Amino acid sequence: METPSSVRDMSEFASSDEDGMDWEEVVPSSYGQDGNTGLQDTLEIDVPGQQPIEITLPTAKSKEQAKKTQARARTLEWRAQQVVRLESHKLHTVCLLSSAWIRNKWINDPLLHARLMSMTPMPIQNSFLMIHKKFQPDPVQRGRLFQAAVGRLTKWWHENFEVHPNGHITSKTFNEALREPQADDNIREPLRGPKSLMKHALAWYGSRDTSALLFTALCRALGVPARLVVSLQSVPWRRSVERTDGPDQSASKKDPKGKGKARAVENGGQESSASDTLDTGKTKPAPKSVTKLKGSKRKSIKSRSATPKHFSLTAEEISPTMWTEVFSRADMRWLPVDPIRNIVNQRQKLEPHPQDKANRMVYVVAFEEDGFARDVTFRYAKAFGGVTVKSRPGGKLRTDGWWESVMSMVTRPYRLKRDDIEDEEFVIKQVTEGMPTSMTGFKDHPVYVLERHIRQTEVIHPKREVGKFRGESVYHRSNVLALKSSENWMRVGRRVREGHQPLKMVKARATTVHRRRALEMAQAETGEESLQGLYSEAQTELFIPDPVIDGKIPKNDFGNIDLYVPSMLPRGAVHVPHKGTAKIARELKIDYAEAVTGFEFRKGHGIPILTGVVVAEEHEELLLDAYWESVHDAEEKERLKRTERVIQRWTKLIHGLRIRKRMQEQY
DNA sequence: CTGATTAAGGTGTCTTTGAAATTG
DNA sequence: ACAATTTCTTTGACACCTTAATCA
């Protein structure tokens, strides 16, 4: 029995035929090809002709089934994983946000401020005090003075505070984050509170993050409004991020230890001083030269595993994930300051290098002294609309509002003048971000659209062109309208207004057997494919169903009532959403209609989900009373049944015991 | 050589009113 | 015997996206 099935397996590979009829022919021919042993041949000869068919058919079926179930299991697993990824990302983001929030509190510590002040040379302290309307009435001049003072402060800090290469927060891919921590991992510098910070301040030594924290604290100590800016490095939720990490990942599966080392190379490579980092045997050492590698060496080396994706970036190219924004009162602007690299007011330098896998700019949050925060990602991400927002959950343009709701927890409940100014800056940035320069940049762009990228159920209306891209018209995303067929509008309780023409015609879709047949009939008659009209929301109105007259509920062709949304309940009617009410209503001779609240799918059939009934208002009480009574009755019945059962069991037990006793007494 | 195109394969969305067997 | 209820199983077509290879 084993032989035919194994042969069948092989022949299936040879000629992926799955039809039982073909097997009769395929099986012998594949024997010849395989050149099997005589034993198997004799077996085949011994077996009567029909036997292979009898065996193969069920196996073929079960195999196909197995394939299907496997595919389904894969899909389910993928879905589950996707959920895990997304939730992990969200949770991680919130954790990092709170971590930053707490650190932002720490750096308000008055003792820390005093300590830092005591370490700061007087001339630098004084340079801030000198900026005042009294001494310098011209705001432009004051702004310049302020910037110069911040520059001096940053330079002084940069020269004196020693930054060690590890210990700061880095971005990890999902798989990396799942992995157990390794001994040689980049361990984060532990900070337990303002006291830990103070120790670092005294020692003039700490991680990048510590440097930024202390610098922000110092600014606040000096009376300069300063924000702690944090670029949250949460695990990416998208699978593609993992894949593009390529060889690192695939190697890790076989050799987790090597992975740890490989990662160490990545992290160490950030600080080019750490040129003595470890290397795995397989990975080619990335040149530690100062020149940055833009392209990959994929062309020269075909083998996947041999292509390392480590890029050595100079210290100057490694952007921090924490920095400071100081507020220039004179020109009402926030100036970014990177104390680690001595960079003042050069926001473009804070966006990480695209090759820097340890720093992904997705959320940049600025915490102010009062603990409130604002999302300032737009200021730093060059292509904020084009690229950055796309890597937030909800994906693409369909934002699910999650991030907004998270930020609302830390947003100041009232607005300041400077908030308005900042928002204006954001709007200006959005407009001047400019059109993307590539086709891919236009795809899912929040501001611009090309006609080729709109969906089947979308239309550009009005067609107001705002530019051209390689001969194609560019439109504003706000002019894209989502459309639905009249049936689909009905599913959300809306009806197409009379006299409105569809904005677009698309091929009608048929998924159920019933509907497909109907469409085919129509096609055979007219000789052309049936089309379906799509309408915009503005072309529709709220559907008002016919009211209840004399207690009679309006019904559809199936004898039910459509109640996809509450607004579809007719005037004078009530929805009683309890199971079993239909039976009671019928017994009471009340006119009713079962409420269809949705659909469920089974075997290509849409099946309505019935949720209770709709009856006239005047019958509600009667029906409900009867319903609760029936529920009560059912409970009572159940209780009686239970008691009876209990009594029965007790009786049985006692009888048993009595018999046992008698037996013991007698013998 | 970058970025567009394309092909292939995977993923996501939309679809939208049974039949058979068993029980009371 | 008949009606009511439970169980059965979990689609399929196609748009759209991603990825890798190829092309300009």
Side-chain angles (χ1 to χ4, degrees), chain A residues 65 68-83 85-86 238-246 293-300 302 304 307 354 386 390-391 394-398 436-444 450 452-458 469-472 482-493 504 506-520 529 532 534 555-564 579-587 593-611 634 637:
Chain A
Q65 265 179 354
K68 258 188 184 169
T69 33
Q70 223 177 29
R72 232 185 69 226
R74 246 205 334 264
T75 315
L76 283 175
E77 201 198 305
W78 184 87
R79 290 239 165 96
Q81 221 186 55
Q82 197 74 345
V83 171
R85 280 169 171 280
L86 198 60
R238 274 208 229 212
R239 248 181 163 192
S240 52
V241 179
E242 204 85 36
R243 285 213 201 98
T244 52
D245 280 1
L293 293 172
K294 263 194 113 186
S296 72
K297 286 160 284 176
R298 205 178 302 161
K299 284 263 156 110
S300 57
K302 280 270 158 69
R304 229 170 75 93
T307 315
K390 290 178 193 171
S391 51
K396 307 297 153 61
L397 299 159
R398 300 176 291 280
T437 50
S438 71
M439 201 56 100
T440 32
F442 270 103
K443 207 159 194 300
D444 302 315
L450 297 177
R452 71 200 293 175
H453 287 144
I454 63 163
R455 290 150 174 274
Q456 196 186 30
T457 57
E458 287 175 339
F469 177 73
R470 293 182 200 163
E472 282 183 53
L483 307 176
K484 278 187 204 295
S485 65
S486 53
E487 291 87 355
N488 279 347
W489 279 120
M490 191 47 105
R491 304 273 174 233
V492 292
K504 197 175 184 179
V506 294
K507 203 168 76 184
R509 296 181 65 175
T511 52
T512 57
V513 187
H514 187 78
R515 191 151 153 71
R516 186 158 53 235
R517 202 166 296 146
L519 284 173
E520 270 167 15
E529 264 182 320
Q532 191 175 32
L534 298 179
K555 298 178 192 72
N556 64 15
D557 298 347
F558 302 97
N560 317 321
I561 182 162
D562 297 323
L563 199 69
Y564 309 116
K579 208 182 164 188
T581 41
K583 194 175 164 186
I584 294 157
R586 191 168 45 238
E587 280 166 3
E594 290 191 272
V596 180
T597 50
F599 283 90
E600 197 179 325
F601 275 81
R602 282 180 209 156
K603 286 190 166 178
H605 290 289
I607 296 155
I609 297 166
L610 302 172
T611 318
K637 238 182 184 169

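Source: prediction; values computed, not measured.
- To the nearest 0.5 Å, the span separating CD on A/Q532 from CG on A/N488 amounts to 7.0 Å.
- Straight-line distance from the CD1 atom of A/I584 to the C1' atom of C/dT5: 15 Å, rounded to whole Å.
- A donor-acceptor contact shorter than 3.5 Å is absent between the side chain of A/K484 and the backbone of A/M490.
- With values rounded to the nearest 0.5 angstrom, A/E594 atom CD is found 11.0 Å from A/N556 atom CG.
- Going from atom CZ of A/R491 over to atom P of B/dT15 covers 9 Å, rounded to whole Å.
- Atom-to-atom, CE of A/M490 to P of B/dT17 comes out at 15 Å; the value is rounded to the nearest Å.
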inquiry  = One pair to check against side chain to side chain contact (heavy atoms under 4.5 Å, CB included): A/E472 and A/F442. What are the steps and the verdict?
reply    = CA-CA 11 Å; A/E472 282 183 53; A/F442 270 103; over 6 Å; no

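- Atom CD of A/E458 is separated from atom NE2 of A/H453 by 12.0 Å, given to the nearest 0.5 angstrom.
- Note that NZ of A/K507 and CD of A/Q456 are 8.0 Å apart. Values are rounded to the nearest 0.5 Å.
- In this entry the distance linking CG of A/D562 with C1' of B/dT16 reads 10 Å, nearest Å.
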Taking only nitrogen or oxygen atoms into account, show me every contact under 3.5 Å that the protein makes with nucleotides 18-22 of chain B, one pair per line with its distance.
unit_1 : atom_1 : unit_2 : atom_2 : d
B/dG18 : O6     : A/R602 : NH1    : 2.8

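- Checked against salt bridge (charged side-chain N to carboxylate O under 4.0 Å, His left out), A/K555 has the following partners two or more places apart in sequence or in another chain: A/D591.
- For A/N556 against B/dT17, a side-chain-to-base donor-acceptor contact under 3.5 Å is present.
- For the C1' atoms, the distance from B/dT16 to C/dT10 is 16 Å, rounded to whole Å.
- One distance of note links OG of A/S438 with CZ of A/R470; it measures 7.0 Å at 0.5 Å rounding.
- In this model, the phosphate group of C/dC17 is approached by a side-chain N or O of A/R455 to a distance below 4.0 Å at OP1 or OP2.
- Position along DNA chain C of the nearest nucleotide to A/K579 versus A/E600 favours A/K579 as the more 5'-ward residue.
- Nucleotides of DNA chain C nearest to A/I454 and A/K583 differ in position, and the one nearer the 5' end is that of A/K583.
- Look at the P atom in both B/dT22 and C/dT9: the space between them is 13 Å, to the nearest Å.
- One distance of note links OG1 of A/T581 with CG of A/L610; it measures 10.0 Å at 0.5 Å rounding.
- Across the P atoms, C/dT11 and B/dT11 are found 16 Å apart, a figure rounded to whole Å.
- Taking only side-chain nitrogens and oxygens, A/K507 never comes nearer than 4.0 Å to OP1 or OP2 of C/dA13.
- As rounded to the nearest Å, B/dC1 and C/dA21 have C1' atoms that lie 15 Å from one another.
- Straight-line distance from the CD atom of A/Q456 to the C1' atom of C/dA15: 7 Å, rounded to whole Å.
- Look at CD on A/E594: it is 12 Å from C1' on C/dA4, rounded to the nearest Å.
- Rounded to a whole Å, the NZ atom of A/K484 is 10 Å from the C1' atom of B/dC14.
- Among A/T597, A/V596, A/D562, the one residue that satisfies the side-chain contact (heavy atoms from CB on, under 4.5 Å) test with A/P608 is A/V596.
- If you measure from atom CZ of A/F599 to atom C1' of C/dG12, you get 18 Å, rounded to the nearest angstrom.
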Would you tabulate the pairs of protein nitrogen or oxygen atoms and nucleotide nitrogen or oxygen atoms of nucleotides 3-8 of chain B closer than 3.5 angstrom?
unit_1 : atom_1 : unit_2 : atom_2 : d
B/dA4  : OP1    : A/M439 : N      : 2.8
B/dA4  : OP1    : A/R470 : NH1    : 3.0
B/dA4  : OP1    : A/R470 : NH2    : 3.0

